[in-house]
Amino acid sequence: MNLLLDNLPALLIAVPLLGAFLVPVIGRFLPKIRDAWIILVSFLASLAAVITAAAVFLKGTLVYVFGAAAVSSAADSGGIPFRIIFTIDGFGAFMLLSAAIVSFAVVLYLVASQKERSGKSEFYALYLLLTAGIFGMVSTGDLFNFFVFLEINTLAGAALVSYHRKGGIAVEGAIKYLIVNTVGGLMVLFSIGLLYAQYNSLNMAFLASQMTWTTLNIVALVLFITALGMKAGAVPFHFATPDAYSVAPSGITAVMVVASQAGLYGLFRVLFTLYGGSINTVTIGWVIIILGILSMVIGVTMALPQKDIKRLLAYHAVSQTGYMLLGVGVAFAVLGDPAATAAFGQTAMEGGLFHIINHALYKGLLFLAVGAVIYRTGVWSLNKLGGLGHNMKWTMVFFLIGALAIAGIPPFNGFASKLMIYESVFAFNPALSIIAMVVSILTLASFMKVFHSVFMGPRLPEYENVKEVPKLMIAGMIILTIFVIGFGLVPDLVVDSIVSPAAAALLNQGSYITAVLGGGL
Amino acid sequence: MIANLPFIAIALLIGIAFAIILLKKNMIKMVMGIGIMESAVNLFLITIGYREEGIAPIFTSAPEGSVMVLPTVQALTLTNIVIGVAATALMISMIMIIYKKYGTINSDKMRRLKE
């Protein structure tokens with residue numbers, strides 16, 4: 001038992017990876033137990049992630065060194081760590097938690113919604129690979145390792161987006177996503193090379209301890225921001241996101257949201273942990289804030305006229321990413337000023353990070369609910385849908401909860417994090433806060449339109465025989481709903497127990513370095 | 001000057017690759033552009049690991065006092081080549097499906113998503 005607990009960070013990757021490669025074998029010889037196997041593997045992977053996260057929140061940063069005699073000591077070569085190393089601090093644990101919840105809920109949903117489809121073995125294998133990629137990205141402490149998991153994430157994600165071809169349009173969306181993210185991945189690798197050339201190490205903590213203000217580091221930073229911004233789907237790199245989200249199978253889109261947030265994780269990790277105070281935080285902070293504001297405004301204005309229901313949700317995903325960038329950007333802009341950080345910087349950071357997990361939950365719920373509508377009717381267009389509330393009561397309730405949460409209506413979780421962002425950003429710059437509120441109102445308007453045109457109105461003759469979706473799909477949505485409502489009812493508890501440690505981990509660059517290198521350096 | 005030649009080549013290759021990816025309409029050519037960019041990054045990694053008069057980094061048979069090239073970047077390059085093969089294969093198979101369904105590989109004519 002102790003052996004298992006000691007090696008949890010390795011299990012995070014090993015379970016989904018081995019599980020993924022066994023899926024086609026099981027599908028070939030024992031097709032009957034394939035669905036049970038998927039649920040089991042995904043449950044174990046999520047369980048490992050949750051236990052790891054709990055261990056980090058209780059005991060502090062977890063360091064795991066692959067292949068070393070003592071797995072928790074890194075510096076075994078004259079103070080320079082050279083092995084592959086996992087460093088899971090509060091922020092990593094926070095992202096693990098969000099990925100674990102969403103990926104398990106989506107597996108339940110997928111097992112029911114993919115029942116009639118062909119090629120399920122490879123589909124689930126790719127799904128588990130995507131999970132492994134996300135878990136790896138948020139737990140690794142090694143830059144090259146991060147790149148490898150980023151590529152696993154991108155390739156598995158693109159293949160899943162194109163899985164049901166839909167006469168070619170799914171492939172069209174997938175290839176745009178793949179080209180953008182492959183170029184982004186190469187940019188990340190190039191900047192890793194720039195850093196390696198100067199410091200001869202790939203370990204994030206060691207690089208962070210050596211980082212200075214040089215031209216090469218600025219070039220690397222710009223490439224990092226561009227590439228990880230592409231992965232996160234922020235404006236001006238947002239063009240591939242709606243295309244890919246709108247054509248992917250519905251359950252997959254919910255996970256793609258988490259996958260792109262792993263890119264956001266990378267961006268924040270690079271900014272705060274890798275560069276930290278060594279760069280001009282005010283300038284870079286404002287760059288992030290402006291990207292956030294643009295994402296918010298452009299995302300929501302593009303969402304308003306959409307007729308395709310999933311494309312509309314995808315543009316809202318771009319818009320919500322803006323809130324996270326805004327909150328964290330404000331925190332980065334005041335990083336060098338301890339008084340401002342204490343006054344509102346930390347709250348802005350907590351709001352931005354809290355919004356990450358909230359967005360993963362309610363946007364996941366919305367995509368699943370919309371997927372349920374498409375599963376039963378086969379129709380995407382808002383103009384053709386209507387009156388479904390009579391036949392799909394559960395789905396209607398889930399969609400309504402998700403819609404109110406994304407619009408920031410109490411008592412749902414979106415309100416809790418948005419309020420934190422409004423308050424703290426107002427202290428920084430009132431104009432930014434007002435823009436954020438206006439965007440929120442537009443979001444509400446857009447979702448009321450969707451809710452009304454899909455679920456309200458008289459029963460339409462063509463949807464006379466539409467039934468509620470299977471129980472497992474509802475079970476997947478219920479898991480997300482519980483968290484959406486729970487996080488909204490006790491936001492203080494959630495902020496204190498998981499969000500604050502995450503924010504503290506990012507703000508305190510020294511603790512990350514010390515955790516890996518020890519106090520000696 | 002002569003030591004900087006590889007870096008000039010890398011900058012040129014990356015510039016060419018970006019121009020191809022952004023300007024070409026033919027999807028196969030875009031994939032080729034990504035291939036060129038990948039090679040440029042690989043060349044960059046190998047170049048930063050190069051040492052003047054360096055030998056292969058094998059400790060057991062190294063002569064006394066010799067300089068070795070850096071092994072880590074070579075491992076990175078190898079990994080990137082493998083990842084690149086996977087990405088290229090996936091992109092090309094997607095283009096095949098698009099050609100089958102749309103009858104074209106011109107990126108300007110791929111507009112069904114927008115309708």
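Order of the sequence lines fixes the chain letters, A, B, ..., with proteins taken first and strands second; residue numbering starts at 1 for each chain.
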- Task: Taking the side chain as every heavy atom from C-beta outward, state whether L189(A) and F44(B) have any atom pair closer than 4.5 Å.
- Result: no
- Query: When you look at CZ of R51(B), are more than 12 heavy atoms from neighbouring residues, nucleotides or ligands closer to it than 6.0 Å?
  - Reply: yes
- Item | Atom CZ of F239(A): over 12 foreign heavy atoms under 6.0 Å | yes
- Task: Check each atom of A158(A) against the heavy atoms of chain B and say whether the ones under 4.5 Å are side chain, backbone, both or neither.
- Result: both
- Taking the side chain as C-beta and beyond, is there a heavy-atom pair between M94(B) and L178(A) under 4.5 Å? yes
- Go through the atoms of I97(B) and report whether side chain, backbone, both or neither lie under 4.5 Å from a heavy atom of chain A. side chain
- Query: Would a 4.5 Å heavy-atom cut-off, applied to side chains only, mark F190(A) and M37(B) as touching?
  - Reply: no
- Message: I need the I21(B) CD1 to I179(A) CD1 distance, nearest 0.5 Å.
- Response: 8.0 Å
- Below 4.5 Å, heavy atoms only, C-beta onward: do V171(A) and Y102(B) meet side chain to side chain? no
- Is L45(B) close to Y196(A) at the side-chain level, that is, under 4.5 Å between some pair of heavy atoms? no
- Note on the structure: If one checks every heavy atom of F144(A) against chain B at 4.5 Å, the contacting part turns out to be side chain
- Item | Portion of I152(A) that has a non-hydrogen atom of chain B nearer than 4.5 angstrom | neither
- Message: Shorter than 4.5 Å, heavy atoms on both sides: which option in L155(A), T182(A), L202(A) has the most such pairs with chain B?
- Response: L155(A)
- Using non-hydrogen atoms only, which part of L76(B) is less than 4.5 Å away from chain A: side chain, backbone, both, or neither? both
- Where does I10(B) contact chain A at under 4.5 Å (heavy atoms): side chain, backbone, both or neither? side chain
- Message: For M32(B), I'd like to know if atom CE has over 12 heavy atoms of other residues, nucleotides or ligands within 6.0 Å.
- Response: no
- Residues, nucleotides or ligands: over 12 heavy atoms within 6.0 Å of I84(A) CD1: no
- Task: State the CD-CD1 distance between Q198(A) and I48(B), to the nearest 0.5 angstrom.
- Result: 9.5 Å
- Query: Who wins among V31(B), I95(B), T47(B), I83(B) for the most heavy-atom pairs under 4.5 Å with chain A?
  - Reply: I83(B)
- Message: Which one wins on heavy-atom pair count under 4.5 Å against chain B: G193(A), G185(A), S162(A)?
- Response: G193(A)
- Task: Determine whether L186(A) and I14(B) make a side-chain contact, defined as any pair of heavy atoms from C-beta on separated by less than 4.5 Å.
- Result: no
